[in-house]
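Heads up, the thing below is written out as structure tokens.
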Amino acid sequence: SYIDYTVTFVLGNGEADIVRTYHYYDTVEVPENPEKASTAEYSYEFAGWDSEIETKVKGNVTYTAKYNERKNKYTVTFKNYNGTVLEEKKVEYGLVPTYTGETPVKVADETYTYEFKNWDKKLAPVEGNVEYTAEYDSSYIDYTVTFVLGNGEADIVRTYHYGDTV
């Protein structure tokens, strides 16, 4: 009676191992290159089997799939208050992004001056594509109205904000 030999392919990707039974010197049927699903952190590429596959069966043997692991990168976008992109970069999963551009600016209008305060959310380790939007502190612009009386009395000086009634 024939001796049965087992050839096992360990896929290492969550799928069941491929186990085949052969007789001595049968031709080994090699499975297609397995794929391993990406995670949020890593992508995987099949890199071959852990040892060279013997094409003819000579005994029990196990082959284990090897994968090249690549850390994923995601797009981090820093935007100004009006949606203008200030900086966009690719950042590796798990790293905290940094803004390396010039300090964001919001031009003063008739009522307020603006100073960059921070981003709309705390800079956190990257787990996917993310956008940060500049936020500003506003300060009223003080307008001075001076009434020069010209009669020896002190000038009348008053401070107003844009749109106030004088």
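Because the structure is a prediction, the values reported are computed rather than measured.
Within the model, atoms OG1 of Thr113 and CD1 of Ile141 stand 5.5 Å from one another, a figure rounded to the nearest 0.5 Å. Interatomic distance, Ser38 OG to Glu45 CD, rounded to the nearest 0.5 Å: 10.5 Å. Between the CD atom of Glu29 and the CZ atom of Phe9 there is a distance of 8.5 Å, given to the nearest 0.5 Å. With values rounded to the nearest 0.5 angstrom, Arg70 atom CZ is found 9.5 Å from Lys73 atom NZ. How far NZ of Lys58 is from CG of Asp26: 13.0 Å, rounded to the nearest 0.5 Å.
For the pair Asn80 (side chain) and Val85 (backbone), a donor-acceptor distance under 3.5 Å is absent. Of the possible donor and acceptor atoms, none in the side chain of Asn72 sits under 3.5 Å from a partner among the backbone N and O of Tyr93. A donor-acceptor pair is defined here as one N or O able to donate and one able to accept, closer than 3.5 Å; such a pair exists between the side chain of Asp50 and the backbone of Thr64. A donor-acceptor pair under 3.5 Å is formed between the side chain of Tyr74 and the backbone N or O of Ala40. Of the possible polar contacts, one joining the Tyr143 side chain to the Glu110 backbone as a donor-acceptor pair under 3.5 Å is found. Distance alone, capped at 3.5 Å, is enough to place a donor-acceptor pair between the Lys89 side chain and the Thr98 backbone.
No salt bridge links Glu54 with Lys56; every basic N to acidic carboxylate O contact stays at or beyond 4.0 Å.
Defined by atom type and a distance below 3.5 Å, a donor-acceptor pair is missing between the side-chain atoms of Asp137 and Tyr112. No side-chain donor-acceptor contact under 3.5 Å links Asp17 and Thr8. Counted by atom type alone, Thr100 and Glu87 present one or more donor-acceptor pairs between their side chains at under 3.5 Å. Checking Thr77 against Glu88 by side-chain atom types alone, a donor-acceptor pair falls below 3.5 Å. Donor-acceptor pairing under 3.5 Å is lacking for the side chains of Thr84 and Lys79.
In this structure the side chain of Tyr42 reaches within 4.5 angstrom of the side chain of Lys71, judged on heavy atoms. No side-chain heavy atom of Leu95 sits under 4.5 Å from any side-chain heavy atom of Pro125. You'll find the side chain of Tyr160 reaches within 4.5 Å of the side chain of Arg158, heavy atoms only. Residues Val7 and Tyr63 meet the side-chain proximity criterion, which asks for heavy atoms closer than 4.5 Å. Considering only heavy atoms from C-beta on, Pro97 stays 4.5 Å or farther from Trp119 through its side chain.
Taking the six-membered ring for Trp and the full ring otherwise, the centers of Phe78 and Tyr132 sit less than 6.0 Å from each other.
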Determine whether Ile53 and Val30 satisfy the following criterion, side chain to side chain contact (heavy atoms under 4.5 Å, CB included), listing intermediate values before the conclusion. CA-CA 8 Å; Ile53 296 174; Val30 180; 3.8 Å; yes
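For Phe46 against Asn33, the heavy-atom pair with the smallest separation is CE2-OD1, 3.2 Å. A pairwise comparison of heavy atoms in Leu11 and Trp49 identifies CD2-CH2, 3.8 Å as the closest pair. Here the closest non-hydrogen pair linking Tyr2 and His23 is CB-CD2, 3.4 Å. Of all heavy-atom pairs spanning Ala37 and Tyr44, the tightest one is O-CD1, 3.4 Å. The heavy-atom pair separating Thr6 from Asn60 by the smallest distance is N-OD1, 2.7 Å. Between Leu86 and Tyr99, the shortest heavy-atom contact is CB-OH, 3.7 Å.
Note on ring orientation: taking the six-membered ring where Trp is involved, the planes of His161 and Tyr140 are parallel (angle under 30°, cut-offs 30° and 60°).
For the pair Lys117 and Tyr136, the cation-pi test (distance below 6.0 Å, angle within 45°) is failed. Judged by the 6.0 Å distance and 45° axis criteria, Lys36 is positioned over the aromatic ring of Tyr67.
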